Amino acid sequence: MSTAEATVALPPGFAPAAEGSREAEAYFLNMGPQHPSTHGVLRLVVRLDGETVLGVVPHPGYIHRGIEKMGENMTVLQYLHLTDRMDYLSALFNSHSVCLAVEQALGLGVPERAEYIRVIMSELQRIASHMLWWGVFGMDLGAITTFFYGFRDHEFISQLFEQVCGARLTLNYFRPGGVAQDVPADFVPQVKKIIAQTRRSLDEFDRLLTQNVIIQERTRGIGVLPPERALSYGCSGAVLRASGVSFDIRKHNPYSLYDRFDFEVPLGKNGDCFDRYEVRLREMAQSVRILEQAVTQFPAAGPWRAKEPAHYKLPAGAWFHWVEAARGAFGTFLVADGGAKPVRIKNRSPGFSNLSVLDELARGAKLADLVTILSTLDIVVPDIDR
Amino acid sequence: MIASLHSPLATELAARYPATHPVGDWVRAHLSPFGAFTVNALLALALTTVFVSLTALFLVWMERKVCARFQLRLGPNRVGPFGLLQTLADGAKLFLKESFMPREADFFVYHLAPLIPITSSFMVFCVLPFDHHIQIADPQGGLIYLAAFLGMGVFGVLLAGWASNNKYSLLGGMRSGAQMIAYEISYVLCLLLIVLASGSASTRDIVLAQHGTVLNWWLFKLPGCGALGFLIFLISSTAELHRAPFDIAEAESELTGGFHTEYSGMGFSMFFLSEYSNLFVAAGLGTTLFLGGFLAPQFGLGPLDRALDLVPGFAWFLLKVYGLIYLYMWLRWTFPRLRVDQLMALEWKFLLPLALGNLAIAAVLVTLGWLLP
Amino acid sequence: MKTPVSERPCCHFFRAIASAAKSLVTGLGITGRYLAHPREVVTAEYPDNRDGLKFAPRYRGPVTMPHDAAGEHRCTACGLCEKACPNGTLSVLPQRNCADKRVLGKLVYRLGQCTFCGLCVEACPFDALAMSHEYELASDDKAQFERVLNRKEGR
C-alpha cells in the first residue's frame, strides 16, 4: 500500500503509521457523536492497539450554532441569553464575562448589592456545576449511583436559581450594570441552607468515591499533564491547577468583589486524573467558604442594577474581560464601532483548550482510561462548538 | 461429614431427607419405566422453564426497584402493583421489536450466540437442589457438570462479540472472554474446596454434609478457609456474571453496550434473561456450597430449631438465595468499574494465589480433622 | 479486593488491603443507608402530582398578556417587545382605531421560536406582558405554537 493510498483511507487527523510498526496493525474506533461518555455530541476517533490508545482526534462541531456570529446581529443585551447556551452548566459565568466587557466599554459601575448577588450566584453555580460533574464522573467510571447523588445536590441549587432567575439552566440573570431582578426576600437563609447541605454532601462524596480504592487505582497516575504542557495548550481551570500551576482569575486578576474574600486556590501535585478530581472537590469547599463570607457581608438593601443607559450603543473600540468559570477561564472579546450591535464578539471557552490535551494525555492509556481522562477534563460540548 | 456414602449418618440423612418426590413416585408407580422417565423429564422441563422465566422477570423488577432505592428513586411503579408487571410489559415490547442484524454480520453465529448463555443457565438449574426432593438430577459429579456448563456461557458472549461485526462488540466479547476464563479458575477452586471438605461432588450430598447447626455450614465449619472461600466465590462469581464492579464486558460508558451492542428484540432479551437466571444460579450455588442449601438454620436451641425446621426447605433455599442476590445488587450499585488490566491483575496476582493457598490449608485442615464440631 | 503492588513491603501490602476493604465497606454503608431510608427518595411521581407542583413566582414559561376583569389589556402596540426579542418570536401587528389612533391589532407569539429569556417582559414599559407558568408545552398540533396573545383586536 503506498503512502498516498493510506492517507486517503485514514480518518482526518491521523498520520500513516510507519511500515511494520505496531501502529500499522492498529484499528480505528469511532466514539461518538452518540456515545454515553462523550458528554453530548463530541466525536472522538481513536486509534487503538487492542485496548491501548495510540492516538485520539476529537472532532467537535456537531453542535455548532454560530452563537458568536449571531451576536453580531443583536444587541449585547440580546446576546446575553445566548451565552447561557454555551456552557449551559455555568451559564452565569458566561454572561458575567459579557457583562464585564460591556461595563468596561460603557464605563458602567455596578452597585455593591448587585456585586454580592453576582458573587453568591456565581459560586453557587460553580458548586452546582462541580456537583453535576462529580456525578457524571462516577458514572463514567461505572458507579451509576453517584450520578443521582450529584444530581440531587445540584437540584437544591437549581431550585434556588428558579426562585431567583425564573429558570433552572438558561438563567439569563446578569445584566450590564447589575442583575435583572433583585433577589427574593428569603435569599440569604436559602443560601445558608445550601451551604450546610453542600458541606454534608462533600463529606459524603469523599467517603463514597474519593477514598474508594477502585477510584484511586483508576485515576492515580492516569493522564498525567505536566505543567509546561498544560500552559502551552492554554489549559485553565481545574485542569491547569491540578498540574500545580496556580492560576485563578478570581485570585490573580480579581474582578467583581473577589479581592474582598479569603479563599485558597487548590492545587494538585502530579496533574493526573486524581488531582483533577480532588482539585474540583476542594474548589467546592473553597466556594462554600466564599459563600459564607459573602452571605455575612450581604447588604440588606440597595440597588441591584446601575441606572441603565437608554440604549446599549457601544463606543468604538475593543474590550476583553474574562472570568474564572467552573471549567476555567471564560473570556469575552468585544469589538464595536459605535453602533447598537457589536461588530465582533468572540468568546474564549475553557473547554476547547482543555479538550486539546486529550490526545497527549490518552496516548498509551487504556480505552477505559480515555473515558476517565475525558471525564476529568470536564468538557461541555456546546461550550467548545458555540 | 459424609465419610462414606454407606455410613450410618448418610443412611439416616437419606431417610430424613428422601430424594424422591411424591409426584415423581406417583408417575413411576403408574407408568412403564420408560414412560415414567419421559413424563418426569417433561414435567421437570416445564417446571424449569416456568421457574426460570418467572425468576428472571422478578429479578429484573427487583434489580430495578433495589437500584432505584439506592439511587433515591422510586423505580418502576406504573405497570401493575408496585410496577411488578413492568418487566412483562418490557418483555412484550422486546418480543415485538424488529430483530436487527448488522450487514456483514455472521448470520448463523449472530443468531446462535444469544441462545448459548440461556441454555447453559437452564442446564445448571438441573443440579441445583431446591429442596431435598426438588432437584431434577443429582449426578455424582454434579459440580463438575455445573462447572462445565457455567464455562459454556462464555461462548455466547464471545461469539456475540465476534459475530456482530462491531468494534465495540468485539472489544466487549474479547474482554469478557479473558475475564471469564480468568475468574473461572478461582471459581472452580472454590467448588473444589467444598468438594474436598464434603467428600462429594453431588450438590445434594454437599448440602446434607452441612447438616446440623449453622456452624456446620461450610462458611463457618472450615475455620477461616470457608469464609475466605466464600469471599473469593463472591468476587469471582460477580465477575462471571459480568456485574459491576466487573462489568467490563458491557461497560456502558466505554463500550456503549459491549457484546450486545448490536442485539435488539429477542436476541437482546435472551442475553438479558440469561444474565438474571445466571444471577439466580450463582446465588443458588453460593447457598448450596456455603450456606447450607435447603437446610433450615439451626442454632442448637430446641424449640426455636423445631420451629425453623417447620418451614419447608425450598423456602429456606429461596430466602438464602435472595439474600445473596441482594448482596450482589448492593455491590453493583455502589462500586465503580475496574479497568481491564486491573481486573486481570486482581485475578492472577491476588485471587488465584489466595484461592490456591486457601485450598491447600483447607486440605490440611480436613486431613487433620480440625473442623468445627 | 485490592490490586496488589508487588513492590510494596509486606506489611504495607496488608495494610493497603485493609484500607481498601475499609473504603469499599464505607461506600456500601452510604448506599445501604439510602436503601434503608425511603424518605430520602427525591423523585416525584410526575403526572400524578400535577396539582401539587409549585413554581417559583418568577418561573419563565410562555409569554402571555394579562387581561383585566373587563377583558382589557395594557398593550399600546409600541413594539418595544418585538425589538427586544432576540429571535423574532413576537410580532406586533398594529391597527388604526376609529379615532385613527395606533392600537394593537394582534400580538403574534411564536412559541416554537421562544427561548423564554424574558427580555420582552423586561422591555415592556406598561407591564402588558408576563411569563406564565405553563409547562406542558409539547404538542403535535403546529397551530399550538403560534398564538395571538390579545383576546380582542383594536380597543
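Hydrogens, waters and symmetry mates play no part in the numbers below; they use all other heavy atoms, side chains included. A note on names: the letters A, B, ... follow the listed sequences, proteins ahead of strands, and every chain is numbered from 1. Since the model is a prediction, treat every value here as computed from it, not as a measurement.
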| task | Would you please say whether a donor-acceptor pair under 3.5 Å links the side chains of A:Asp153 and A:Ser201? | result |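 A donor-acceptor contact under 3.5 Å links the two side chains.
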Please classify the contact between [X] and chain B as side chain, backbone, both or neither, with a heavy-atom cut-off of under 4.5 Å.
X: A:Arg218; answer: both
X: A:Asn212; answer: side chain
X: A:Met139; answer: backbone
X: A:Leu44; answer: neither

Q: Using side chain to side chain contact (heavy atoms under 4.5 Å, CB included) as the criterion, list what pairs up with A:Arg282, not counting sequence neighbours.
A: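 If we apply the side chain to side chain contact (heavy atoms under 4.5 Å, CB included) test to A:Arg282, skipping adjacent residues, the hits are A:Pro266, A:Glu278.
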Q: Walk me through it: do A:Val371 and A:Met31 pass the test side-chain contact (heavy atoms from CB on, under 4.5 Å)?
A: CA-CA 10 Å; A:Val371 173; A:Met31 282 174 83; 4.1 Å; yes
- Between the side chain of B:Gln179 and the main-chain N/O of B:Phe246, is any donor-acceptor distance below 3.5 Å?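 Pair found, side chain donor or acceptor close to backbone of B:Phe246.
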I'd like to know if the side chain of B:Ser121 and the backbone of B:Pro117 have a donor-acceptor N/O pair within less than 3.5 Å.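 Such a contact is absent between B:Ser121 side chain and B:Pro117 backbone.
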*Do you know which of A:Ile215, A:Leu29, A:Leu208 has the most heavy-atom pairs with chain B at a distance under 4.5 angstrom?*
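The candidate making the most pairs under 4.5 Å is A:Leu29.
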